[in-house]
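We're numbering straight along the sequence, starting at 1. Scope of the values below: all heavy atoms of this structure, side chains included, with no hydrogens, waters or symmetry mates.
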Amino acid sequence: MTIAECRLCGTGLTETFVDLGMSPLCESYLPVDRLDSAETFYPLHVRICSSCLLVQLPAYVPGEDIFSDYAYFSSYSDSWVAHAKRYADMMTETLGLGPESLVTEVASNDGYLLQHFVARDIPVLGVEPAANIAEVARGKGIRTETYFLGAETGAELASRYGRADLVAGNNVYAHVPDLIGFTAGLAALVKPTGLVTLEFPHLLRLIERRQYDTIYHEHYQYLSLLTAQRALATAGLAVADVEELSSHGGSLRVHARPAAADNLGPTGSGLGWEPSSNVKSVLDAEAEAGLHTLDGHRGFAEAVFMIKRNLLDFLLTARAEGKRVVGYGAPGKGNTLLNHCGIRSDLLAYTVDRSPYKQGRFLPGTHIPIHAPERLAQDRPDYVLVLPWNLRTEISSQLAYVREWGGRLVYPIPELEVV
């Protein structure tokens, strides 16, 4: 058997972080005419590098097979669009962005973020690998190129459109199998005096909040600040600041700048600035939790088992009592959870989703049908299992009407809660 190599440092991957068995691609929603066809399942066996400590999923599936035609549209989450607007407002003020500036977003999706810069007459460039989603962004008047970012494509885009004052990447740094090449692309896109910001789920929160359903094939790595620093350094990008965010169950927003000679400060350190105190604070928290050692990553599998047991106990009991349970949302994370737990339509009759793209299709692996949200009020189920638990505040408000008939919401993570 060939041993996979760490995509950051090349060390052989012999240590397991968690093994979730086999699962289909989490965004491969099925039309009705494919329900009787074979599906391909791939391992969800997450390793940790014993050398650089990068937690990673070997590239069982090429990125092109996942992202060239994609089912996730960011604008269907109101809270995420609002989050993007707050970021755009903050960065515009902080960096003094205006009509002479350029903001480039990598994995720009349907324009959920760049639209806020366009509204301020700030030039933008979206880089989005999924052709179907890029077309939606262009329909909104957002300049978008369909590319997978790498060193060469980054240089090409910079030569055509110029290097950016701000390069943003939200929930993409975990999604790239060629981590070093992608990072080189970021460095090629940003001005020597510019800023790169990256948002990604924080491994520390994934572990402490037992968010194992965020493990799926399009997430190739699970980053701490330490490993993100190491990855960025491969392209001469240094972390200047970091913010801790509540989004996606607990994320980091890393601010990185080129550590080039023209940024030399008075100390001659290669930086004209010092990393903020936030950087030390987050690194210290990671070290205290054990994430700067190999042994500190152990024990996650037992936490995963407890979530699986509690959810199955609830669903089996509800079924025995004649209660009807349906789902809310059809996110990728939900498909990891349902497939790992072996949940099918006998325990979860259906789910609903706001995205018309998903409605009328079926969840991969489990074949649970996806309906429009209006189905909930028609059927009045006893329980609604909320699969995108990371949007709890938004969804709890949207589903307040479920209480009108005595229905209750169920959140499976970080622990089973019925409200």
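- Leu157 contributes atom CG, which lies 6.0 Å from atom CD of Glu145 (distance to the nearest 0.5 angstrom).
- Lys308 and His340 make their closest contact through NZ-O, 3.2 Å (heavy atoms, listed as atom of the first residue, atom of the second, distance).
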Considering only distance and modelled atom types, tabulate donor-acceptor pairs under 3.5 Å from the side chains of residues 341-350, sequence neighbours left out.
unit_1 : atom_1 : unit_2 : atom_2 : d
Tyr350 : OH     : Asp379 : OD2    : 2.8

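- Judged as a ring-ring contact (aromatic ring centres under 6.0 Å, His included), the pairs with a partner in residues 300-331 (not counting sequence neighbours) are, in order, Phe17-Phe300, Phe314-Tyr383.
- Side chains of Tyr222 and Gln211: no donor on one and acceptor on the other come within 3.5 Å.
- The residues Arg86 and Asp89 are annotated as not salt-bridged, no charged nitrogen and carboxylate oxygen being separated by less than 4.0 angstrom.
- Atoms OG1 and CG, on Thr104 and Leu114 in that order, are 8.0 Å from each other to the nearest 0.5 Å.
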request  = Would you sort out whether Leu232 and Thr183 count as a side-chain contact (heavy atoms from CB on, under 4.5 Å), showing the intermediate values?
outcome  = CA-CA 6 Å; Leu232 288 164; Thr183 305; 4.2 Å; yes
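- Proximity of Cys9 to Cys49: side-chain heavy atoms (C-beta onward) are separated by under 4.5 Å at one or more points.
- Expressed to the nearest 0.5 Å, how far CZ of Arg257 lies from NZ of Lys191 amounts to 12.0 Å.
- Other residues, nucleotides and ligands contribute more than 12 heavy atoms inside 6.0 Å of the CD atom of Glu417.
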inquiry  = Applying side-chain contact (heavy atoms from CB on, under 4.5 Å) to Ile307 and Ile413, what does each step give before you reach the verdict?
reply    = CA-CA 7 Å; Ile307 292 172; Ile413 289 176; 4.1 Å; yes
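- The CD atom of Glu93 sits 8.5 Å away from the CZ atom of Arg120 when rounded to the nearest 0.5 Å.
- Taking NE2 of His217 as the start and OG of Ser23 as the end, the distance is 6.0 Å to the nearest 0.5 Å.
- Taking 4.5 Å as the limit, some side-chain heavy atom of Lys333 sits within range of a side-chain heavy atom of Trp389.
- For the pair Lys140 and Val136, the minimum side-chain heavy-atom distance is below 4.5 Å.
- The local environment of CD in Glu288 is sparse, with at most 12 non-hydrogen atoms from other residues, nucleotides or ligands closer than 6.0 Å.
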inquiry  = Assess the residue pair Glu394 and Arg354 against the criterion (salt bridge (Lys or Arg N to Asp or Glu O under 4.0 Å)); give the C-alpha distance rounded to whole Å, side-chain angles, the decisive distance to 0.1 Å, and a yes or no.
reply    = CA-CA 13 Å; Glu394 175 184 347; Arg354 295 178 66 190; 3.8 Å; yes
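- Looking only at distances, a side-chain donor or acceptor of Tyr29 sits under 3.5 Å from a matching main-chain atom of Ala330.
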Pair Ser224-Arg230, side chain to side chain donor-acceptor pair (under 3.5 Å): steps then yes or no = CA-CA 10 Å; Ser224 63; Arg230 290 172 173 171; over 6 Å; no
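- Side-chain atoms of Leu179 and Gln221, non-hydrogen and from C-beta on, do get closer than 4.5 Å to each other.
- Side-chain contact between Glu244 and Val282 is present, with at least one heavy-atom pair separated by less than 4.5 Å.
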request  = Take Lys85 and Val81 through the test side-chain contact (heavy atoms from CB on, under 4.5 Å) and record every step on the way to the result.
outcome  = CA-CA 6 Å; Lys85 185 178 187 306; Val81 174; 5.8 Å; no
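- Between His367 and Phe362, the ring center distance fails the sub-6.0 Å criterion.
- Using a 30° and 60° split on the angle between ring planes, Phe182 and Tyr173 fall in the tilted class, from 30° to 60°.
- The stretch residues 279-298 participates, sequence neighbours left out, in no ring-ring contact (aromatic ring centres under 6.0 Å, His included) pair at all.
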